[in-house]
Student: 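Pasting a structure here, questions to come.
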Amino acid sequence: MTDKEWKFYEPFLWQVRAPHGRKPVSYRRTLDGIFWVKRTGESWRNLPEKYGKWMAVYQQYRRWTTAGLWEKIESSLEMEKR
């Protein structure tokens, strides 16, 4: 992910973060891992180690899904297109 892409995504990730949860190791690395799975179609278990432990990345993906993160990002992207 480029620095420009990260600057777009980062504020969304902090908005949905649990206020009293553990501090993230690296949201950027986690997001890169999620994008890798979605881009390649591979299973979570085949996630390369450079993105972190597959289960941790998957669990964060589920948390963000439950928090509505992907819908917020999609809405923002649609608004930017206008």
Side-chain angles (χ1 to χ4, degrees):
M1 167 179 322
T2 67
D3 288 341
K4 183 179 179 181
E5 291 169 332
W6 174 241
K7 285 181 183 178
F8 171 79
Y9 289 110
E10 185 179 25
F12 293 101
L13 304 178
W14 289 103
Q15 286 175 10
V16 298
R17 182 177 177 272
H20 302 293
R22 287 182 2 185
K23 294 195 184 225
V25 174
S26 173
Y27 276 165
R28 186 173 184 169
R29 183 177 77 166
T30 300
L31 191 58
D32 276 337
I34 292 167
F35 288 164
W36 182 88
V37 169
K38 296 301 181 181
R39 183 177 61 250
T40 64
E42 288 283 342
S43 71
W44 291 101
R45 291 179 186 267
N46 292 331
L47 184 70
E49 279 291 318
K50 70 180 184 177
Y51 299 116
K53 295 179 181 180
W54 76 266
M55 181 58 89
V57 175
Y58 173 73
Q59 287 174 338
Q60 187 62 61
Y61 168 76
R62 293 297 305 146
R63 281 188 213 104
W64 286 339
T65 299
T66 302
L69 173 73
W70 311 117
E71 290 83 4
K72 290 176 185 179
I73 290 172
E74 190 174 318
S75 291
S76 180
L77 287 170
E78 288 175 5
M79 291 180 75
E80 280 189 9
K81 288 180 182 179
R82 295 179 189 174

Student: Hydrophobic clusters here meaning ILVMFWY residues chained together by side-chain heavy-atom distances under 4.5 Å, can you tell me if Phe8 and Met79 are in one?
Tutor: no
Student: With no hydrogens and no angle check, just 3.5 Å: does a side-chain donor-acceptor pair link Gln60 and Arg63?
Tutor: yes
Student: Can you give me the closest heavy-atom contact between Leu31 and Met1, atom names plus distance?
Tutor: CD2-CE, 3.6 Å
Student: For the side chain of Ser76 and the backbone of Lys72, is there at least one donor-acceptor N/O pair under 3.5 Å apart?
Tutor: no
Student: From Met55 CE over to Leu47 CG, what is the distance, rounded to the nearest 0.5 angstrom?
Tutor: 12.0 Å
Student: Are Lys38 and Tyr61 close enough, and set up right, to give a side chain to side chain contact (heavy atoms under 4.5 Å, CB included), and what steps lead you there?
Tutor: CA-CA 11 Å; Lys38 296 301 181 181; Tyr61 168 76; 3.2 Å; yes
Student: Please find the pair of heavy atoms, one from Trp54 and one from Trp44, that lie closest to each other, and give the distance.
Tutor: CB-O, 3.0 Å
Student: Calculate, to the nearest 0.5 Å, the distance between atoms CD and OG1 belonging to Glu71 and Thr65 respectively.
Tutor: 7.5 Å
Student: Arg45 and Tyr58: side chain to side chain contact (heavy atoms under 4.5 Å, CB included), yes or no, with the steps?
Tutor: CA-CA 9 Å; Arg45 291 179 186 267; Tyr58 173 73; over 6 Å; no
Student: To the closest 0.5 Å, what do you measure between CG (Leu13) and CD1 (Ile73)?
Tutor: 6.0 Å
Student: What pairs with Trp64 under ring pair (Phe, Tyr, Trp, His ring centres under 6.0 Å), at least two apart in sequence or on another chain?
Tutor: Tyr27
Student: Measuring from Thr2:OG1 to Lys7:NZ, what's the distance to the nearest 0.5 Å?
Tutor: 9.5 Å
Student: Can Ile34 be reached from Leu77 by stepping across I, L, V, M, F, W or Y side chains whose heavy atoms are under 4.5 Å apart?
Tutor: yes
Student: If you measure from the Lys or Arg side-chain nitrogens to the Asp or Glu carboxylate oxygens, is any gap between Asp3 and Arg28 under 4.0 Å?
Tutor: yes
